[in-house]
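Just so it is clear, the model here is predicted, and its values are computed rather than measured. Note on naming: letters A, B, ... go to the chains in the order of the sequence lines (proteins, then strands), and numbering restarts at 1 for each one. All values below come from the heavy atoms of this structure, side chains included, with hydrogens, waters and symmetry mates left out.
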There are 2 protein chains.
Amino acid sequence: MSLPHAVLGLLAVAPGTGYDLTRRFEASLSHAWHASHSQIYPELARLQGRGLVQEAGRGARGSRTWAITDQGLAELDRWLVEVQPNRSQRNETALRWFLLPLLPADQRRSALEREIADMLDSTAYLEAAAAGSGEVADDHPFRATAKLGVRINDVMLAWLREQLADT
Amino acid sequence: MSLPHAVLGLLAVAPGTGYDLTRRFEASLSHAWHASHSQIYPELARLQGRGLVQEAGRGARGSRTWAITDQGLAELDRWLVEVQPNRSQRNETALRWFLLPLLPADQRRSALEREIADMLDSTAYLEAAAAGSGEVADDHPFRATAKLGVRINDVMLAWLREQLADT
DNA sequence: CCTTGACATGTAAGAAACGACATGTATTTT
DNA sequence: AAAATACATGTCGTTTCTTACATGTCAAGG
């Protein structure tokens, strides 16, 4: 169960509201861990109960800004360093690519074309992130990861095009 | 919910028992979709109820061999071609890599070293699969996907080493 | 002969996640 | 001024997943 550590990680970069975290999950973590607001709000309450986050102020529209505590930072470090990683994954795209060879050639081609189109969208998005567009500029700690994403996408795109050529 | 289609996909390659499918999930699908036997047995029963798989014989130790039906193949194709892919993921490794920049340098280095070691193991495994070791030899439909896995691992390994050098 | 390990199938309780419901405020656009 | 959109927080029923429990067979090695 990685949700609490994903939330702690995002709050370690900057404090934020539940709403804000929901968007950051979509924007930065979408290729790693998915969570919706209906998970995030209860998780913030649990983390507060454990003393790992605290309210750092209230704003307009009843918003509550959360910040990670020292205990929370310690827990995040402990998890990253000491806890045995769970390498199991759930990635529907990977499953689909795996099963693609089972399709007849014409259907396989159109499926591959859809995947290529989606991959181009994804790459455009990641390249913007890797360039640091708009965001916190150069101190942005996740720049390197976005660059990795771009490289992986390049490899995947080349593979998809090979598959299409071979079909 | 991709579990039923993952099971159908594996049965489309070759019939098998629940136990056998459990191992094939670990061996072939571990980088795409995780499922344990306690999910697989009930899922086979549900798929049978929908007419998508059928019992293809019984063997020693009370084993039941399952095969995909024509209806099952049709459903699998339909899902691959018509159903809108769900691009959300859950990948703890990706989450960890994403959060790595938050660690102090010395801890980050040791975490990176562990990741590199695990990546080497994974690559060795995938290279064997891509070469078609032991398995169904050249008609093995998932060879191409294993090759993609190897290429992605190469990119990830290079990135990890860069990160380590930069830390 | 006995033990260990791989083969083999299930169930059940609890945790996690999803999708829909529910409500309200502030800002921007028409 | 009104409407639409973005901001904002929550809950609830259902589905899905995990972990542990439970049981039994067959083959190989000591």
Side-chain angles (χ1 to χ4, degrees), chain A residues 1-8 10-11 14-27 29-30 32-50 53 55-66 79 83-92 95 134, chain B residues 1-8 10-11 15-27 29-30 32-50 53 55-66 83-92 95 134:
Chain A
M1 205 225 345
S2 308
L3 178 65
H5 299 100
V7 171
L8 288 175
L10 289 179
L11 289 180
T17 66
Y19 185 86
D20 183 35
L21 288 172
T22 306
R23 282 181 315 169
R24 280 152 76 182
F25 262 94
E26 277 169 48
L29 278 185
S30 63
W33 203 267
H34 173 80
S36 58
H37 80 276
S38 66
Q39 280 177 279
I40 289 167
Y41 288 109
E43 188 58 48
L44 284 167
R46 276 192 293 272
L47 290 169
Q48 183 186 34
R50 294 167 62 193
V53 303
E55 222 187 281
R58 301 193 174 216
R61 284 164 268 194
S63 71
R64 313 167 70 185
T65 299
W66 297 93
W79 182 74
V83 176
Q84 177 76 19
N86 177 354
R87 302 291 179 193
S88 79
Q89 301 192 28
R90 288 217 164 74
N91 178 344
E92 191 187 297
L95 175 63
Chain B
M1 205 223 348
S2 308
L3 177 65
H5 300 100
V7 171
L8 287 175
L10 288 179
L11 288 180
T17 67
Y19 185 85
D20 184 35
L21 289 172
T22 305
R23 282 181 316 169
R24 281 151 75 183
F25 261 94
E26 276 169 47
L29 279 184
S30 63
W33 203 266
H34 173 79
S36 58
H37 80 276
S38 66
Q39 280 177 279
I40 291 167
Y41 288 110
E43 188 58 48
L44 284 166
R46 276 191 292 271
L47 290 169
Q48 183 186 34
R50 294 168 62 193
V53 304
E55 221 187 282
R58 299 194 175 217
R61 284 166 268 193
S63 72
R64 313 167 70 184
T65 299
W66 298 93
V83 175
Q84 178 76 19
N86 177 354
R87 303 289 178 195
S88 78
Q89 300 192 28
R90 284 221 165 70
N91 178 344
E92 191 187 298
L95 175 62

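- A donor-acceptor contact under 3.5 Å links the side chain of B:Ser38 to the base of D:dT19.
- One finds the CG atom of A:Asp20 at 9.0 Å from the CG atom of A:Leu10 (value rounded to the nearest 0.5 Å).
- Computed from coordinates, the B:Tyr41 OH to C:dT9 P distance equals 4 Å when rounded to whole Å.
- The nearest whole Å value for the distance from the CD atom in B:Gln39 to the P atom in C:dA16 is 15 Å.
- Two residues are said to be in side-chain contact when any heavy atoms from C-beta on lie closer than 4.5 Å; A:Leu21 and A:Arg24 meet this criterion.
- Comparing C:dG10, D:dA8, C:dC18 by their nearest atom to the side chain of B:His37 picks out C:dG10.
- Taking atom CG of residue B:Asn86 and atom C1' of nucleotide D:dT15, one finds them 15 Å apart after rounding to whole Å.
- Residue B:Leu3 contributes atom CG, which lies 17 Å from atom P of C:dA17 at whole-angstrom precision.
- A straight line from CG of A:Asp20 to P of D:dC7 spans 10 Å, rounded to a whole angstrom.
- Summarising the geometry, the separation between CG on A:Leu44 and P on C:dA16 is reported as 15 Å, rounded to the nearest angstrom.
- Mapped onto DNA chain D by nearest heavy atom, A:Arg90 and A:Ser63 fall at different nucleotides, with A:Ser63 at the one closer to the 5' end.
- Using a cut-off of 4.0 Å between Lys/Arg side-chain N and Asp/Glu carboxylate O, B:Arg23 and B:Glu26 are scored as not salt-bridged.
- For the pair B:Glu92 CD and D:dT18 C1', the computed distance is 14 Å after rounding to whole Å.
- Nearest to the side chain of A:His34, among C:dC18, D:dC26, D:dA6, sits C:dC18.
- Rounding to the nearest 0.5 angstrom, the gap separating the OG1 atom in B:Thr17 from the CD atom in B:Glu55 is 11.5 Å.
- Among C:dT9, C:dT11, D:dT9, the nucleotide with an atom closest to any side-chain atom of B:Pro42 is C:dT11.
- Comparing B:Ser88 and B:Gly18 by the nucleotide of DNA chain C whose heavy atom lies nearest to each, the residue mapping closer to the 5' end is B:Gly18.
- With hydrogens and angles ignored, the 3.5 Å screen pairs a side-chain donor or acceptor of B:Arg90 with a backbone N or O of A:His34.
- A:Glu43 places its CD atom 16 Å from the P atom of D:dT9, with the value rounded to the nearest Å.
- Minimum atom distance to the side chain of B:Met1 is reached by D:dT16, of the listed D:dT16, C:dT9, C:dT27.
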